[in-house]
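Below: one structure, written as structure tokens.
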Protein chains: 2
Amino acid sequence: MLTQLALHDNGVPIYVQLRDQITALIGRGVLKPGMRIPTMREVAVELRIDLNTVQRAYAELERAGFLTLLRGRGTYVAQPPPIRARKPDAAVLAAKVAALAKAEGIAPDDLIAALKALKRA
Amino acid sequence: MLTQLALHDNGVPIYVQLRDQITALIGRGVLKPGMRIPTMREVAVELRIDLNTVQRAYAELERAGFLTLLRGRGTYVAQPPPIRARKPDAAVLAAKVAALAKAEGIAPDDLIAALKALKRA
DNA sequence: TCCATTGTATGATAACTATCATACAATGGC
DNA sequence: GCCATTGTATGATAGTTATCATACAATGGA
């Protein structure tokens, strides 16, 4: 995983870059549920950043339900909850996602296409 | 242009969001060379942020060659804006979004369906 | 039982970010 | 020339971010 992480000097806080890049890796299926990911210290040393910075990213990812932190054992990609075909929930998420896409200047159709492409990968 | 800007509370500094969203608008051709864009004060009032914050974004965009600032007259999209105008990457957003859906237990197909429904609304 | 590993926590410090207030400086229209 | 508009600049303040140093706490294997 470490080789896929790249921090840039573009004004975005390090912990945000780390958090979002790990989220993206999970979304792409590079990191799968149950997988163990590098320890906070490994990430800190490899990326030459502070342990506290990594902890912040990991902690946010745990709160968001992406990771499971086990003291003394390591960090794992969270087991996703059972998929329910609840359309209302999907609608709420879709609204949020549409706002994100708009902010980044991505057309809804392009996002839909990219999501479909992800499924095939 | 103002209606196309949306700031989020996601840890990314406001001036970075503003800067990147404007470069995306230029990259997409929504803002064309020679066009006048809103004054710093207009942006500050509309987005309810500080004038200094807008100034920072505009100043960085000028240094990067995207904008031309003319005192007393306003701000214009630079005559040939850099070729390196940032093009939004739908795949990156899709990866993040897929992870969000996974964490909430929403099937990708349901999210796609909900996004399509939004378009019709 | 030890002990290395790994996550968790605290406190200090410097740098950065956002806001507020205020003012200056150039431009162009009248 | 006057003056509204708009970009430019400064200084203060509060909150955030990154780093450093250090320590504690739970886990599992030897």
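What's counted below: heavy atoms across the whole structure, side chains too, no hydrogens, waters or symmetry copies. Note on naming: letters A, B, ... go to the chains in the order of the sequence lines (proteins, then strands), and numbering restarts at 1 for each one.
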| field | For B/Ala113, all residues meeting side chain to side chain contact (heavy atoms under 4.5 Å, CB included), sequence neighbours excluded | value | none
| Base, backbone or nothing for each nucleotide of nucleotides 16-26 of chain C, written B, S, -, heavy atoms under 4.0 angstrom, 5' to 3'? | -SSBBB-B-BB
| For B/Leu70, side chain to side chain contact (heavy atoms under 4.5 Å, CB included) partners two or more places apart | B/Thr68, B/Arg73, B/Tyr76
| What is the distance from CG of B/Leu67 to C1' of D/dG7, rounded to the nearest Å? | 13 Å
| field | Difference in axis direction between the ends of the helix from C/dT1-D/dA30 to C/dC30-D/dG1, five pairs, 10° | value | 20°
| said: Listing request: all salt bridge (Lys or Arg N to Asp or Glu O under 4.0 Å) pairs with a residue in residues 111-121 of chain A, at least two apart in sequence or in separate chains. | reply: A/Lys119-B/Asp109
Check residues 53-64 of chain B and write down every donor-acceptor pair under 3.5 Å in which the side-chain atom is one partner and the other belongs to a residue at least two apart or another chain.
| residue | atom | partner | partner atom | Å |
| --- | --- | --- | --- | --- |
| B/Arg56 | NH2 | B/Tyr15 | OH | 3.3 |
| B/Tyr58 | OH | B/Pro38 | O | 2.8 |
| B/Glu60 | OE1 | B/Arg19 | NE | 2.8 |

| query | Hey, are the side chains of A/Met1 and A/Arg36 touching, using non-hydrogen atoms and a 4.5 Å cut-off? | reply | no
Would you tabulate the side-chain donor-acceptor contacts of residues 43-51 of chain B under 3.5 Å, counting partners in other chains and residues two or more places apart, or write 'none'?
| residue | atom | partner | partner atom | Å |
| --- | --- | --- | --- | --- |
| B/Asp50 | OD2 | B/Asn52 | N | 2.9 |
| B/Asp50 | OD2 | B/Asn52 | ND2 | 2.6 |

| field | Distance, rounded to the nearest Å, where A/Glu62 contributes CD and C/dT6 contributes C1' | value | 14 Å
| B/Gln55 CD - D/dT10 C1' separation (whole Å) | 11 Å
| request: Any chance you could pull the hydrophobic cluster mates of B/Leu118, using side-chain heavy atoms under 4.5 angstrom and chaining through other members? | output: none
| Distance (rounded to the nearest 0.5 Å) between B/Ile22 CD1 and B/Leu5 CG | 6.0 Å
| How many Å lie between CZ on B/Arg73 and P on D/dT6, as a whole number? | 12 Å
| Can a side chain N or O of A/Thr75 be found less than 4.0 Å away from OP1 or OP2 on C/dT6? | no
| query | Can you tell me how far P of D/dG15 sits from CG of B/Asp9, to the nearest Å? | reply | 16 Å
| field | Residues in side chain to side chain contact (heavy atoms under 4.5 Å, CB included) contact with B/Ala114, at least two apart in sequence or another chain | value | A/Ala90, A/Ala94
| Rounding to a whole Å, what distance do you find between B/Leu69:CG and D/dT6:P? | 14 Å
| Rounded to the Å, how far apart are B/Met40 CE and D/dG7 C1'? | 6 Å
| said: Between C1' on D/dA18 and CD on A/Gln17, what's the gap in Å once rounded to a whole number? | reply: 13 Å
